[in-house]
Amino acid sequence: MPEVVQEDQAQSLGRKASYWRQALRRRVLNWFGAHARDLPWRRTSDPYRVWVSEVMLQQTQVATVVSYYERFVARFPNVETLARANEREVLKLWEGLGYYRRARQLHRTAKQVVENHGGEFPSDFESVLSLPGIGRYTAGAILSIAFDQRHPILEANTIRLLSRLVASREDPASSAGTNSLWRLAEDLLPRKKVGDFNQALMELGSEICSPRSPKCAECPVSNLCEVNRLGLQTEIPAAKTKTNYENVNEVAVVVWRGNRVLLRQCREDERWAGLWDFLRFGVSDSGNRRRTFIAKTVADWTGGFDRHHR
DNA sequence: AATTCGGGGAT
DNA sequence: ATCCCAGAATT
């Protein structure tokens with residue numbers, strides 16, 4: 001019976017995947033137990049402090065955050081003291097960290113927590129997610145670390161780690177790539193010690209599974225890792241497509257006739273496709289031939305003003 | 001989907 | 001020099 005055979009294969013694959021996940025959870029957690037760095041925010045499960053650390057750590061390296069975090073929670077030991085502070089002082093303690101919107105939103109959120117949640121940091125996902133400056137990553141991190149709730153996380157370290165574990169060729173920056181990584185992160189979660197597990201993945205990504213030359217020889221999950229098996233560490237994840245900025249010198253010519261102004265509609269194959277613009281010229285080449293060309297083009301367009309204007 | 005927000009660490 | 005960092009919000 002084909003159906004029975006298919007069922008057996010599916011069950012077999014399911015058992016394999018289940019074994020793989022369990023082995024991975026166990027090894028990741030054991031490794032973390034032995035190698036976790038002693039970071040100040042790991043000495044507490046106070047949701048307020050976990051929250052402060054997570055916001056400070058957004059796009060900011062651990063080494064940079066430590067001293068800022070310690071100074072901040074010393075001055076504002078709980079959500080009430082932060083809510084009562086004035087914004088200038090909060091910003092002053094943030095000075096040098098960058099992304100200053102985070103400080104303002106942290107302050108706003110503290111006030112909201114006092115106002116709407118009786119000063120107790122909310123513990124349900126939707127409430128936390130709705131707070132200013134808290135997205136899917138930060139909400140999952142706070143709830144898993146502070147309350148051991150079963151929420152996945154996905155950020156710089158685990159994007160790299162998970163992409164390599166399954167040798168994903170998808171671009172992690174694309175929405176499809178991001179979606180499959182979130183799904184994987186969710187599949188991997190253990191039932192207990194979720195916060196430890198999430199932190200362990202990040203620690204592993206940061207300390208072992210580094211961008212350029214990952215230390216696979218020291219990695220506790222190297223023999224569960226598809227990239228390691230294939231030797232594709234330098235290929236995966238795909239390099240970020242860097243936005244290239246080119247300096248452009250342009251001159252725009254504004255031609256008036258009465259209360260009307262001359263515009264042209266950009267071709268589909270140029271920048272501002274389909275949009276209306278002044279006559280615009282690159283001036284990287286400022287030689288005479290270029291000037292002649294510009295003068296002639298302006299004359300042509302000006303001559304046809306009545307046909308082309310809008 | 002692409003940009004913006006930033007200062008500093010790692011290579 | 002260049003890449004990258006415990007992302008979120010906006011357009």
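Letters A, B, ... mirror the listed sequences (proteins, then strands); counts begin at 1.
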Regarding [X], tell me which of base, sugar-phosphate or nothing describes its non-hydrogen contacts under 4.0 Å with the strands shown.
X      : result
A:A141 : nothing
A:S53  : nothing
A:R42  : base
A:V62  : sugar-phosphate
A:W41  : base
A:L97  : base
A:S175 : sugar-phosphate

Report yes or no: do [X] and [Y] form a side-chain donor-acceptor pair below 3.5 Å?
X      : Y      : value
A:N30  : A:R25  : no
A:Q105 : A:T109 : no
A:Q199 : A:R42  : yes

[M] and [N], which share atom name [atom1], separated by this distance in whole Å:
N     : M     : atom1 : value
C:dA9 : B:dG8 : P     : 24 Å
C:dA1 : B:dC5 : C1'   : 22 Å
B:dG9 : C:dA8 : P     : 23 Å
B:dT4 : C:dA6 : P     : 23 Å

With under 30° as parallel and over 60° as perpendicular, where do the rings of A:Y69 and A:W41 fit, or are they tilted in between? perpendicular

Taking the six-membered ring for Trp, are A:F76 and A:F72 parallel (under 30°), tilted (30 to 60°) or perpendicular (over 60°)? perpendicular

Could you check A:R101 against A:Y68 and say which one's nearest nucleotide on DNA chain B is further toward the 5' end? A:R101

Walking DNA chain B from its 5' end, the first of A:Y99 and A:A173 to be reached, judged by nearest nucleotide, is A:A173

Which residue lies toward the 5' end of DNA chain C, A:P132 or A:A239, if each is placed at its nearest nucleotide? A:A239

Would you kindly compare A:L57 and A:L131 by the position of their nearest DNA chain C nucleotide and give the one closer to the 5′ end? A:L57

Check whether the side chain of A:T60 and the base of B:dG6 form a donor-acceptor pair under 3.5 Å. yes

Whole-Å distance between [N] [atom2] and [X] [atom1]?
X      : N     : atom1 : atom2 : result
A:Q59  : B:dG7 : CD    : P     : 14 Å
A:M56  : B:dG9 : CE    : C1'   : 18 Å
A:D171 : B:dA2 : CG    : C1'   : 13 Å
A:Q58  : B:dG8 : CD    : P     : 19 Å

Can you give the first and last nucleotides of DNA chain C, 5' to 3', that have an atom under 4.0 Å from a heavy atom of chain A? C:dC3 to C:dA9

Where along residues 31-39 of chain A does a heavy atom fall under 4.0 Å from DNA chain B? none

Charged N-O contact under 4.0 Å between A:E226 and A:R229: yes

Counting neighbours of CD on A:E80 that are heavy atoms of other residues, nucleotides or ligands and sit closer than 6.0 Å, is the number greater than 12? yes

Might you confirm whether atom OH of A:Y100 has over 12 heavy atoms from other residues, nucleotides or ligands at distances under 6.0 Å? yes

So which atom in A:R102 and which in A:V55 form the shortest heavy-atom distance, rounded to 0.1 Å? NH1-O, 3.0 Å

What residue pairs, at least two apart or across chains, pass ring-ring contact (aromatic ring centres under 6.0 Å, His included) with a residue in residues 132-156 of chain A? A:F125-A:H151

